[in-house]
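Quick note: numbers below take in every heavy atom, side chains included, and nothing from hydrogens, waters or symmetry partners. The sequence lines fix the lettering, A, B, ..., with proteins before strands; numbering per chain opens at 1.
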2 protein chains.
Amino acid sequence: MKNRLKVLRAEQNWTQEELAQRVGVSRQAINAIETEKYDPSLPLAIKLGKLFGKPVEEMFALDENTDHG
Amino acid sequence: MKNRLKVLRAEQNWTQEELAQRVGVSRQAINAIETEKYDPSLPLAIKLGKLFGKPVEEMFALDENTDHG
DNA sequence: CCTAAATGTCAAGTATACTTTACATAAAGA
DNA sequence: TCTTTATGTAAAGTATACTTGACATTTAGG
């Protein structure tokens, strides 16, 4: 998965900590998602979509390649 | 989370097994999601959205209540 | 009624998405 | 330079999302 989280957060001038609090996860979780260590859960992705006013699939996109998530 | 998976699948006259194969998971996973035992991962939710031609947040909705996913 | 297909569910194992704590580094300002 | 803030990362633990295999129940058709 690719994601536009870092950019969207920067547009709002929010720190990772600030964003984390807004969606109810830890700062490290936000960092891990931005640096693509793992994908957010679906509920978290939906919360982020609501917060940034973007559809989920606009923020998070599957990799082109065949199999791997 | 609530989801409209069972209805959408029925509209296409697909079995759980058929749907599972199309999105690359086990039949039991589809069943567990339809019966709301757990939420799909984000990549799976996006695949399902593509397959049914629906935005993710139209297929899967956060619970009204405060905290729990 | 009998059978087969579809669905529901359980158990046990693995992978992924988190948590907290901790520490290293880079940038910005006094 | 010293300190503060933001970020990156790691380890260890827990919760959740899957897997396969098995079996019970429901549904549809003969």
(request) Could you tell me whether the side chain of B:Q28 has a donor or acceptor atom within less than 3.5 Å of a complementary atom in the base of D:dG21? (result) yes
(message) Under 4.0 Å, counting only non-hydrogen atoms across every strand here, what does A:S26 touch: a base, just sugar-phosphate, or nothing?
(response)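 Base, at least one base atom sits under 4.0 Å.
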(request) Identify whether any heavy atom of B:S41 sits under 4.0 Å from a base atom; if not, whether one sits that close to sugar-phosphate; answer base, sugar-phosphate or nothing. (result)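 Sugar-phosphate only.
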Ignoring hydrogens and angles, tell me if any N or O in the side chain of [X] forms a donor-acceptor pair with the backbone of [Y] under 3.5 Å.
X: B:E57; Y: A:V56; answer: yes
X: B:E11; Y: B:L8; answer: no
X: B:N31; Y: B:Q16; answer: no

(message) D:dG8, OP1 or OP2 - any side-chain N/O from A:K6 closer than 4.0 Å?
(response) yes
(request) Check whether any side-chain nitrogen or oxygen of B:R27 sits under 4.0 Å from OP1 or OP2 of D:dA22, and answer yes or no. (result)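 No, B:R27 has no side-chain N/O under 4.0 Å of OP1/OP2 on D:dA22.
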(message) Need to verify one output field. Residue with the more 5' nearest nucleotide on DNA chain C, B:A32 or A:I33?
(response)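 Upstream on the strand: B:A32.
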Rounded off to whole Å, could you give me the [atom1]-to-[atom2] distance for the [X] and [N] pair?
X: A:N13; N: D:dA6; atom1: CG; atom2: P; result: 11 Å
X: B:N31; N: D:dT19; atom1: CG; atom2: P; result: 12 Å
X: A:E17; N: D:dT9; atom1: CD; atom2: C1'; result: 16 Å

(message) Salt bridge or not between B:E36 and B:K2? Use side-chain N to carboxylate O under 4.0 Å.
(response)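 No, no charged N to carboxylate O under 4.0 Å.
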(request) Let me know, please, whether B:A29 or A:K37 comes out on the 5' side of the other along DNA chain D by nearest nucleotide. (result) A:K37
(message) Going 5' to 3' along DNA chain C, between which two nucleotides do contacts with chain A fall, using a heavy-atom cut-off of 4.0 Å?
(response)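 It runs C:dA17 to C:dA22.
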(message) With a 4.5 Å cut-off on side-chain heavy atoms, are A:M1 and B:I46 touching?
(response) yes
(message) Working to the nearest 0.5 angstrom, can you tell me the gap between B:K47 NZ and B:L44 CG?
(response) 6.5 Å
